[in-house]
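Okay, structure first, notes after.
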Amino acid sequence: MLDRGPPQLPGRPLVPIHERRARPRVAPQTVATRREDGGLVDRSETELIESLRARDLDALGEVYRLYGDAMTTLARSMMRDRDEAADVVEQALMRVRDAAPRFRGERGLRTWVMRIVANLCRDSLRRRKYVAGRPDELEVLGDAGLRIDPVAEWDEALDRATLLAALERAIQALPVEQRETVILRDRLGLSYEEVAATLGISLGGVKSRLFRAREALKKRMRPYLEEAS
Amino acid sequence: MTERHEDERLARWIGAVRAEADPVLWTRVRARIEAGEELQLLPAWLAWLMRPAALGAAAAAVALVCGAGLVTIRSADAPGTSSAGTLTEALLDEVTGTAPDDAPAIPSDPSPGDTGAIG
């Protein structure tokens with residue numbers, strides 16, 4: 001009988017935690033785009049920016065293809081309302097198109113796009129006159145249009161849906177500046193430098209906000225953390 | 001559990017939730033941009049007329065003209081403004097024997113000496 005080795009689980013292979021943190025959750029800076037002839041070709045970010053400056057609509061579509069997931073995740077996580085988040089992303093795309101001729105590209109396209117989304121979220125939250133949904137509702141993820149990543153590793157013997165709903169409520173209870181920092185860093189996997197550039201604050205500011213946010217989250221998630229350990 | 005492990009676990013939990021881009025949104029944005037570009041190709045005066053403010057002003061003007069017309073028609077139909085409003089009324093007056101306004105007046109109260117008897 002052949003020795004097949006340890007059984008292979010379906011899905012992605014397990015990755016050690018220290019390696020998982022380094023894995024970027026948003027698209028890398030080198031991109032592929034569709035030319036007029038329909039073929040996919042690689043082109044640098046610089047070329048994409050040049051096309052955006054020339055008000056090429058396909059280039060804007062490419063931006064949405066590359067960063068649409070991250071834009072939507074940030075907007076929905078911040079707004080906690082699917083429709084408002086859609087408005088924010090739509091406005092962000094229009095603003096990217098309008099402001100592209102003035103974009104110098106020094107901070108990188110992804111950072112610039114995410115900064116526009118973050119600013120629009122902040123503006124919308126400031127103007128908002130109501131609180132979207134009750135903070136204790138069970139469908140906190142579904143109502144916000146967020147979903148649990150089906151391929152995310154989960155080694156705790158905890159009810160994933162209940163835990164993540166509780167965590168989402170805890171995130172929503174954070175002040176806006178801490179919330180956006182923790183979402184950009186921990187949910188979207190941006191580096192500290194990228195978070196700083198996106199929010200227009202110093203590296204120290206990012207670390208300080210993250211520390212305070214995590215302390216608050218750990219306090220609220222204490223029962224789950226103890227159960228998991 | 002150490003502080004670092006807790007942070008890592010928390011970060012992993014936070015990262016287990018995400019959203020996907022909505023393709024319909026891009027279709028909507030594209031249509032919006034293309035509609036805006038088409039508008040830019042129109043003659044300036046036509047583009048100006050299609051602005052919401054111009055459309056609103058035009059709708060207000062139409063409403064004003066309609067209102068003024070209605071008031072004019074109603075004031076023309078008001079009773080007492082004409083002796084015979086229509087041709088039909090005038091003909092009916094004639095058939096039923098109603099004296100027109102300019103006919104000589106018949107005294108309604110005959111003189112007391114006139115009994116009406118012959119001879």
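In what follows, every chain begins at residue 1, and chains take the letters A, B, ... in the order their sequences are listed.
In this structure, the separation between CG on A:L93 and CD1 on B:I33 is 7.5 Å, given to the nearest 0.5 Å. Atom CG in A:L60 sits 4.0 Å away from atom CH2 in B:W26 (nearest 0.5 Å). The distance from the CH2 atom of B:W13 to the CG atom of A:L163 is 4.5 Å, given to the nearest 0.5 Å.
Chain B forms more heavy-atom pairs under 4.5 Å with one residue of A:S77, A:A85, A:G68 than with any other, namely A:G68.
Only the side chain of A:E215 comes within contact range of chain B, with at least one heavy atom under 4.5 Å from a heavy atom of that chain. At a 4.5 Å heavy-atom cutoff, the contact between A:R222 and chain B is made by side-chain atoms alone.
Between B:L10 and A:R214, the closest heavy-atom pair is CD2-O, 4.0 Å. Heavy atoms only, all atoms of each residue included: B:A19 and A:T72 are closest at CB-CG2, 4.0 Å.
Checked for salt-bridge contact, A:R147 and B:E20 meet the test: a charged N lies under 4.0 Å from a carboxylate O. Using a 4.0 Å cut-off between charged side-chain N and carboxylate O, A:K218 and B:D7 make a salt bridge.
Identified under the salt bridge (charged side-chain N to carboxylate O under 4.0 Å, His left out) test for residues 87-96 of chain A, with sequence neighbours left out: A:E90-B:R28, A:E90-B:R32.
With hydrogens and angles disregarded, a donor-acceptor distance shorter than 3.5 Å links the side chain of A:D69 to the backbone of B:A21.
With contacts defined as side-chain heavy-atom distances shorter than 4.5 Å, the pair B:I14/A:L217 qualifies.
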### Task
Give the intermediate values and the outcome of side chain to side chain contact (heavy atoms under 4.5 Å, CB included) for residues B:R18 and A:L146.
CA-CA 6 Å; B:R18 53 181 51 249; A:L146 295 164; 5.9 Å; no

### Task
Begin with the C-alpha distance, continue with both residues' side-chain angles, and end with the deciding distance and a verdict on side chain to side chain contact (heavy atoms under 4.5 Å, CB included) for B:V29 and A:V89.
CA-CA 10 Å; B:V29 170; A:V89 175; over 6 Å; no

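Among residues two or more places apart in sequence or in another chain, the side chain to side chain donor-acceptor pair (under 3.5 Å) test is passed with B:D22 by none.
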